[in-house]
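Below is one structure, written out as structure tokens; the observations come after it.
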Amino acid sequence: MSAAVPAAFKAELIDLLPSLRAFARSLAHNPAQADDLVQDTLVKALANVERFEPGTNLRAWLFTILRNHYYSQLRKAKREVEDADGRLAARLSVRPEQDGSVDLEDFKVAFQQLQPDHREVLTLVGASGCSYEEAAEICGCAVGTIKSRVNRARRRLSELLGLDKDDPAGFPETVALQDTASV
Amino acid sequence: MAVRFSVVLGVLGSHGILPSRRSGTNVSSEKKFRRPGTRLKGGRWQLSEIHGLGLGLAQACLPSRRIGKKRWKSDMESLVHPTKPPRRDGKAGKASKSGSSTANKALITRNLRLVYDEIAGEQIPDRMIELLNELGAKEGKGS
């Protein structure tokens with residue numbers, strides 16, 4: 001018999017839905033698949049609400065469920081990168097703009113060419129604000145593994161974006177950004 | 001070219017840079033030791049045109065007193081291998097790349113957050129909220 005869903009748990013769950021969708025979108029190849037992942041995650045989370053310890057990191061718990069569900073689906077389907085309209089192939093040689101910025105769409109395309117484990121660590125550590133420890137807990141690996149994976153992912157993304165080929169004079173806008181050292 | 005080389009040697013010799021041939025030296029004994037890299041007895045060098053200008057100048061730059069077995073190799077290596085400058089700071093190579101890698105990191109982080117915020121800012125599909133309400137109600141009834 002399943003336990004009742006506490007109101008606070010449900011409220012926090014709703015608050016975390018945007019982050020959950022963003023993380024799912026980084027793993028899945030299209031929005032529809034990402035939303036399906038989120039829905040499946042919600043079902044699993046509510047079915048196993050008694051396993052969640054109140055006061056602990058709900059976001060990490062949900063991210064872990066989503067991630068595990070994604071990889072189990074991936075193993076079953078053994079899906080390759082879909083590129084039906086050739087959009088990815090057409091944008092393989094992505095070059096940075098004159099002012100050092102990168103077109104966001106080009107960035108998305110390059111990002112989707114990364115391996116799933118690279119995409120997930122970049123999203124967790126670089127975008128969603130997770131610490132290395134939190135990301136390690138979600139991915140079920142050591143903190144050192146996360147750090148090295150982030151470095152490799154960043155390096156690979158730089159190659160795909162063509163950032164290593166050019167060495168622009170400067171990124172006045174980006175240099176001014178505070179690097180949180182997460183990525 | 002041989003003529004010019006000999007002129008250069010002559011100029012260097014006249015200024016006392018190159019060790020000069022000892023006067024009255026036995027020619028046959030000089031010929032015996034006149035091989036590249038071979039040191040004559042007494043510490044005097046007899047430069048050969050075969051050495052080439054670079055090596056000759058290298059020797060010329062070194063005080064004749066310091067030329068010895070121990071220092072010869074290290075001195076010559078630093079001059080013969082200009083592509084390998086002496087390592088003063090092991091981090092010098094890394095420092096030269098830090099500027100562009102930091103900028104790349106910042107660029108990637110910025111774009112990651114832009115993409116993330118773009119998705120997080122989207123309206124939550126109604127079916128998800130309905131699903132939550134439905135499941136929450138079912139679980140509540142089941143307890």
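The figures that follow rest on heavy atoms only: side chains count, while hydrogens, waters and symmetry mates do not. Letters go in sequence order (proteins before strands), and every chain restarts at 1. Being a predicted model, the structure only gives us computed values, none of them experimental.
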*Which bit of A/Phe111 is near chain B, if near means a heavy-atom gap under 4.5 Å: side chain, backbone, both or neither?*
side chain
*Can you measure from CG (A/Leu104) to CG (B/Asn111) and round to the nearest 0.5 angstrom?*
5.5 Å
*Could you tell me which non-hydrogen atom of B/Thr109 sits nearest to which non-hydrogen atom of A/Gly126, and how far apart they are?*
CG2-O, 4.0 Å
_Distance in Å, B/Tyr116 OH paired with A/Leu124 CG, rounded so as to fall on 0.5 Å steps_ = 8.5 Å
_Nearest-0.5 Å distance, CG of residue A/Leu13 to CE of residue B/Met128_ = 11.0 Å
*Could you grab the distance from atom CG of B/Leu112 to atom CZ of A/Arg119, nearest 0.5 Å is fine?*
12.5 Å
*asked:* Using every non-hydrogen atom in the two residues, find where B/Val115 and A/Phe107 come nearest and quote the distance to one decimal.
replied: CG2-CD2, 3.9 Å
*What closest approach, in Å, do A/Ala22 and B/Ala120 show between heavy atoms, and which atom pair accounts for it?*
CB-N, 4.5 Å
*Any side-chain heavy-atom pair from A/Ile14 and B/Ile124 closer than 4.5 angstrom?*
no
*Check: A/Lys10/B/Asn133 side-chain N/O donor and acceptor closer than 3.5 Å*: yes
*Selection residues 29-39 of chain A - residue pairs positive for salt bridge (Lys or Arg N to Asp or Glu O under 4.0 Å), sequence neighbours left out*: A/Arg21-A/Asp35, A/Asp35-B/Arg127
*Salt-bridge test for A/Arg25 and B/Glu118: reply yes if a basic N is under 4.0 Å from a carboxylate O, no otherwise.*
no
_Would you compute the distance between atom OG of B/Ser101 and atom CG of A/Asn151 and round it to the nearest 0.5 angstrom?_
10.0 Å
*Looking at CG of A/Leu161 and CD1 of B/Ile108, how far apart are the two atoms once the value is rounded to the nearest 0.5 Å?*
6.0 Å
*Measuring heavy-atom distances to chain B, does A/Ser128 have an atom under 4.5 Å in its side chain, in its backbone, in both, or in neither?*
both
